[in-house]
Amino acid sequence: MYCCNCGKKLGDEDRFCDNCGSPVYEEEAGAVKDQEETVKSDNLEPAGETEPGNPEPTGAEPVNSEPAQPVRPEPTEPSVTDLEKKIMKNMEDELILEMPEGQSSYEGGEGSRTGHIHPPYGGGRPEPQGGQPSYGDGMYSEQGRQAAGSYGQPPQPDNKPPKKKKKKALIISLSCVVAVLAVTVAVLLFLLLSPENKLKNCIEDRDWSAAAALYEEHFQGDEKKEAKADEILRKAVDALREEFVAGTMDYSTVKRHLKGIEDFWDDDYVEDALDFVRELGDSRDAFEEAEQCMEREEYEDAIRLYGEVVESDPNYGTAQEKLETAKGRYKDKLLEEAGAYEEIKDFDSAMELVEKGLEILTGDIELGSRLEELQEGKAQYGIDSVLTKAAEHASQNNYFEALEVIREGLLENAGNEKLETALKDYSEKYKQDILAKAETAIGTDENYEAAILVFDSALNTLNGDYAQVEQAIREKREEYVQRQLEKSQRENTDSALVGVWQGTMVSSGGLDIPMDQFLEVGGMPGAAVMLSCQPAGSFHLDMFGEVGDGTWRRDEAGNGMYYLEIEGSVQPVQVDTSGRLHMDFDGVAVIFEKTGEA
């Protein structure tokens, strides 16, 4: 069995020629023999006349034989090679069908078919454009058509091998193209159905549940595959970030998508992206809120919010410009309000405003200078206020209150020259005032006791805060005490104890405490401390609520000591040179002063 196209001998079971790809047809032995003889005679003795340059005979009678019907073997599953051959055959048939009219050996005539079209036996090709026949036109030329006769009578071979080689090369090229296409399609199908491509499709659809399932099934646990998936997922995260930055995706949506990735891909890249979009989202919210604050003239909040806009925010440049505007407006408003407080001498409120402004506008030179002015203004205003208030007290002869006002002023303005001078002035005036009051207390009857009470009252009032004044008053008091002793000595008699004595002071450890204060501290305000001594030697004692009657006697030594006795209990008492009576109780002395006659 031979190929009807190239003449190659084929096997009994071949369906396609493995040389040219033509389908296999079985021919009768006689027909094959006649074809071989025709080829030989065509080569040795050309029949009829020939045209110059064309070895094909012009008057040869075509062999009147038809190729037998192709043998149809039992249907089997086609192999890849069979499919390729079939594809090449179909392509060849299409090329033959597309020949221009008048050039096909199969059109019209008795030998034409409507079913399957076979390639020409002579291996000829269509006549080229322009009507000029090419080399080896074979049965496509006029002579070829005459030699071919009707369908089924193959023409004599034209013995032109170049035509067959060209057709063979074309078929081989087509076979290669088909093979390449088949491989390409297979590769494309493989790529399209690969896990990586499926993961990309899930990411493109933003189907994170499907992506999670693919990741767990095909990637997780395999280091190389995880590396590929990581690259794909990083690109997906980058795409989400870019959409959010561009404003084509809102914060809640991009957060939802990133969370969807984070649920199955545990990587810091997602957390970093979440931090980024969160920061950018907060930045955008801050910018919008700052814009609203500017409209409401809430410049302090606007400054804070504009400062929260990050560099990755497209609004960053605008925010920086408006931040400077907000700072300027805030400072102008703050200085205006501080000036209003200064007008009403409320320096504390004014300074509080400026100090707050410096916390927001750190290092602002204008605000720093304004704060120094307010501090100096407050100090001067405080000094003037102290001097004015002290002068008001002095005008009422209340020099101690004037001293107190000056002293408090010095606590806040230590070393101020005006206040130091005023303190000395009022100290001298206070001392002179006490001396004058003591002289008045003495009166015409030389009541030194009354003068001494004036001095004691002054010393208690000063309470150790005005050393110079206290020193002068103590010196004057000692002088009056000496005068009182001299007077007492003149008036002292053996009956010096006789009279009514009132407790006026408690002395302990060198500390003298007025009786009323002692009783107040002891929780006995208003309690009586009184001793009444009768000339007959009896006495009545009322002390801190305890009442008793007894007798008294004078010490024989004549040193001013007396003894009070109540029911066998004896209490020594002494009248000093100043005329005061001392009653000692284990180191605590109660001092009495005579207030009247018994």
Side-chain angles (χ1 to χ4, degrees), residues 396-398 400-401 404 430 433-434 437-438 440-443 445 447-465 470 473-474 477 480-481 484 488 495-552 560-598:
Q396 300 173 5
N397 295 325
N398 192 352
F400 175 76
E401 293 296 334
E404 286 292 285
Y430 180 71
D433 181 62
I434 295 300
K437 288 179 178 179
T440 302
I442 291 176
D445 59 353
N447 189 0
Y448 293 104
E449 292 180 358
I452 291 173
L453 288 176
V454 171
F455 291 133
D456 289 340
S457 177
L459 290 171
N460 290 331
T461 302
L462 292 172
N463 197 26
D465 292 329
E470 290 175 315
I473 291 177
R474 286 194 182 95
R477 180 184 181 279
Y480 277 59
V481 168
Q484 178 66 27
S488 297
S495 61
L497 187 63
V498 176
V500 178
W501 300 88
Q502 179 70 42
T504 59
M505 189 173 297
V506 176
S507 179
S508 176
L511 179 64
D512 296 334
I513 304 173
M515 183 57 69
D516 55 347
Q517 293 184 15
F518 178 81
L519 294 173
E520 185 74 22
V521 173
M524 300 176 291
V529 181
M530 185 186 68
L531 174 64
S532 178
C533 296
Q534 304 296 325
S538 64
F539 72 91
H540 176 78
L541 179 63
D542 187 356
M543 182 174 289
F544 309 125
E546 297 291 331
V547 180
D549 295 314
T551 60
W552 63 271
M561 291 292 297
Y562 299 88
Y563 301 94
L564 305 180
E565 183 177 354
I566 300 178
E567 297 178 357
S569 178
V570 178
Q571 174 65 42
V573 296
Q574 183 180 22
V575 178
D576 61 18
T577 57
S578 64
R580 296 186 299 179
L581 186 146
H582 294 255
M583 185 181 294
D584 295 328
F585 298 93
D586 297 329
V588 178
V590 179
I591 301 173
F592 295 82
E593 293 185 3
K594 188 179 287 188
T595 59
E597 299 296 331

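Numbering of residues begins at 1 and proceeds along the displayed sequence.
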Residues that Thr461 engages under side-chain contact (heavy atoms from CB on, under 4.5 Å), provided they are two or more places apart: Phe400, Tyr430, Ser457

side-chain hydrogen bond (donor to acceptor under 3.5 Å, both in side chains) partners of Asp512, counting only residues at least two apart: Ser507

Salt bridge (charged side-chain N to carboxylate O under 4.0 Å, His left out) against Asp433, all qualifying residues, sequence neighbours excluded: Lys437

His582 side, atom NE2; Phe592 side, atom CZ - distance, nearest 0.5 Å: 11.0 Å

Residues in side-chain hydrogen bond (donor to acceptor under 3.5 Å, both in side chains) contact with Asp549, at least two apart in sequence or another chain: His540

Which donor-acceptor pairs under 3.5 Å do the side chains of residues 496-503 make with protein atoms, sequence neighbours left out?
unit_1 : atom_1 : unit_2 : atom_2 : d
Trp501 : NE1    : Leu497 : O      : 2.8
Gln502 : NE2    : Val529 : O      : 3.2

Gap separating the CG atom of Asn447 from the OG1 atom of Thr440, nearest 0.5 angstrom: 12.0 Å

Any Lys594 side-chain heavy atom under 4.5 Å of Leu581 side chain: no

Nearest-0.5 Å distance that lies between atom CG in Leu531 and atom CH2 in Trp552: 10.5 Å

Residue pair Gly550 / Ile566: nearest heavy atoms and the distance that separates them: CA-CG1, 4.1 Å

pair Val590-Met515: side-chain heavy atoms closer than 4.5 Å: yes

Which residues share a side-chain hydrogen bond (donor to acceptor under 3.5 Å, both in side chains) with Tyr448, sequence neighbours left out: none

Results of side-chain contact (heavy atoms from CB on, under 4.5 Å) for Glu520 - residues two or more places apart only: Pro525

Qualifying residues under side-chain hydrogen bond (donor to acceptor under 3.5 Å, both in side chains), relative to Ser532, sequence neighbours excluded: Gln534

Where at least one partner belongs to residues 561-581, residue pairs that pass salt bridge (Lys or Arg N to Asp or Glu O under 4.0 Å), sequence neighbours excluded: Asp576-Arg580

Set of residues satisfying side-chain contact (heavy atoms from CB on, under 4.5 Å) with respect to Val521, sequence neighbours excluded: none

Nearest heavy atoms of Ala451 and Ala441, plus distance in Å: N-CB, 3.7 Å

Results of side-chain contact (heavy atoms from CB on, under 4.5 Å) for Leu453 - residues two or more places apart only: none

Aromatic ring pairing Phe544/Phe518, orientation class (parallel under 30°, perpendicular over 60°, tilted between): tilted

Salt bridge (charged side-chain N to carboxylate O under 4.0 Å, His left out) against Glu449, all qualifying residues, sequence neighbours excluded: none

Test item: Met583 and Leu564 side chains (from C-beta on) under 4.5 Å apart, heavy atoms: yes

Glu470 CD to Arg477 CZ distance, which is reported to the nearest 0.5 Å: 13.0 Å

Straight-line distance of Gln574 CD to Asp584 CG, nearest 0.5 Å: 8.5 Å

Rounded distance [0.5 Å steps], CD1 in Ile513 versus OG1 in Thr504: 12.5 Å

